[in-house]
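Only a predicted model underlies this, so the values are computations on that prediction, with no experimental measurement involved.
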Amino acid sequence: MDVELSRPKYPEATLHFEVAWRQGVPRRYTIARGRADENRDAWDPLVPSGVDADGDGKKDDRDEVPMAFTKEGGRKAGNGNSASHVAYVDSKDNQGAGSTIGGMLRRYCNGTRFRVAPIGQRTRTAVIVVALRNGEQVRQVIRRR
């Protein structure tokens with residue numbers, strides 16, 4: 001099943017999916033709602049939440065690919081840290097995208113497989129700050145229209 005996510009509406013969240021996929025993160029996910037807190041805990045030591053990563057004066061959200069509520073989220077890398085791709089994105093963008101995905105999947109049970117499918121063209125430049133890749137801390141600013 002595909003869950004469509006609008007690039008014009010959520011430019012930073014969709015950019016993060018695309019960047020993570022190009023770097024080898026899986027594109028198919030399995031709903032596992034009971035794992036969300038455990039998966040988020042795997043990211044905390046390396047990627048703290050509530051920081052202004054892009055310097056615009058506003059706190060950014062931590063965005064994870066695969067998402068925390070999936071079986072694939074929070075998996076361990078060879079170094080014992082999370083193998084997920086984590087970036088800082090605008091909080092409204094992240095929360096809106098999460099709400100959209102969650103709403104589309106609400107009626108499905110744990111074990112359901114899905115893919116996120118970005119649709120449309122971005123109408124403004126998106127900026128994300130990649131903070132964790134393959135269990136390693138990084139700081140990579142990505143801007144794309």
Side-chain angles (χ1 to χ4, degrees), residues 1-75 77 81-110 112-145:
M1 165 184 44
D2 285 351
V3 174
E4 294 182 343
L5 195 61
S6 169
R7 283 186 187 101
K9 205 169 183 181
Y10 309 113
E12 294 184 12
T14 55
L15 174 60
H16 184 211
F17 275 108
E18 293 161 356
V19 167
W21 294 334
R22 277 193 297 269
Q23 295 175 350
V25 172
R27 292 177 176 244
R28 295 190 59 80
Y29 311 109
T30 309
I31 298 173
R33 291 183 180 94
R35 293 186 181 203
D37 290 338
E38 177 185 334
N39 288 342
R40 285 188 188 100
D41 289 346
W43 301 309
D44 279 337
L46 296 175
V47 188
S49 58
V51 300
D52 177 13
D54 58 8
D56 66 357
K58 297 183 292 186
K59 290 184 178 178
D60 298 299
D61 273 9
R62 186 176 60 191
D63 185 44
E64 306 94 6
V65 177
M67 289 86 41
F69 71 91
T70 66
K71 183 172 93 173
E72 297 77 13
R75 292 173 304 148
N81 295 321
S82 171
S84 294
H85 199 276
V86 182
Y88 290 108
V89 303
D90 175 79
S91 61
K92 286 182 183 177
D93 189 304
N94 185 49
Q95 291 169 25
S99 179
T100 297
I101 292 169
M104 290 182 193
L105 295 174
R106 186 167 288 120
R107 64 186 175 134
Y108 296 98
C109 61
N110 286 341
T112 301
R113 304 262 304 148
F114 70 97
R115 291 184 312 174
V116 174
I119 58 170
Q121 297 294 321
R122 277 183 203 87
T123 55
R124 64 179 173 86
T125 300
V127 178
I128 65 172
V129 179
V130 178
L132 186 70
R133 180 174 43 234
N134 293 325
E136 298 291 333
Q137 284 181 295
V138 297
R139 179 168 169 71
Q140 179 185 12
V141 178
I142 299 175
R143 288 177 170 69
R144 197 156 301 135
R145 172 108 191 222

N/O donor-acceptor pairs under 3.5 Å from side chains in residues 102-110, not counting sequence neighbours:
| residue | atom | partner | partner atom | Å |
| --- | --- | --- | --- | --- |
| N110 | OD1 | R33 | N | 3.0 |

Are any of the side-chain heavy atoms of P66 and V25 separated by less than 4.5 Å? yes
Would you indicate whether E4, at its atom CD, is surrounded by more than 12 heavy atoms from other residues, nucleotides or ligands within a distance under 6.0 Å? no
With sequence neighbours excluded, what pairs up with R145 under the side chain to side chain contact (heavy atoms under 4.5 Å, CB included) test? T125
Across all chains, not counting sequence neighbours, the side chain to side chain contact (heavy atoms under 4.5 Å, CB included) partners of R22 are E18, V19, R144
Report the residues that fulfil side chain to side chain donor-acceptor pair (under 3.5 Å) with D37, sequence neighbours left out, ordered by chain and then residue number. none
Rounded at 0.5 Å granularity, tell me how far CG in N94 sits from OG in S99. 11.0 Å
Could you pull out all residues at least two apart from D54 that satisfy side chain to side chain contact (heavy atoms under 4.5 Å, CB included)? D52, D56, D60, V129
Sub-4.5 Å side-chain heavy-atom contact between E64 and N39: no
Check for a donor-acceptor pair, side chain of Q140 on one end and backbone N or O of V130 on the other, with a separation under 3.5 Å. no
Under the ring pair (Phe, Tyr, Trp, His ring centres under 6.0 Å) rule, what pairs show up with a residue in residues 124-145, not counting sequence neighbours? none
Reported CZ-to-OG1 distance for the pair R35 and T70, which is rounded to 0.5 angstrom: 8.5 Å
Residue pairs passing the salt bridge (charged side-chain N to carboxylate O under 4.0 Å, His left out) test with at least one member in residues 86-95, sequence neighbours excluded, are K58-D90
Heavy-atom nearest pair, P48 first then Y88, reads O-OH, 2.6 Å
Just jot down the side chain to side chain donor-acceptor pair (under 3.5 Å) partners of Q23, sequence neighbours excluded, or say none. H85, R133
Residues forming a side chain to side chain donor-acceptor pair (under 3.5 Å) with T30, sequence neighbours excluded: E72, R113
Results of side chain to side chain contact (heavy atoms under 4.5 Å, CB included) for A126 - residues two or more places apart only: P11, E12, L15, R122
Who passes side chain to side chain donor-acceptor pair (under 3.5 Å) against Y10, sequence neighbours left out? T100
Selection residues 26-54 - residue pairs positive for ring pair (Phe, Tyr, Trp, His ring centres under 6.0 Å), sequence neighbours left out: Y29-F114
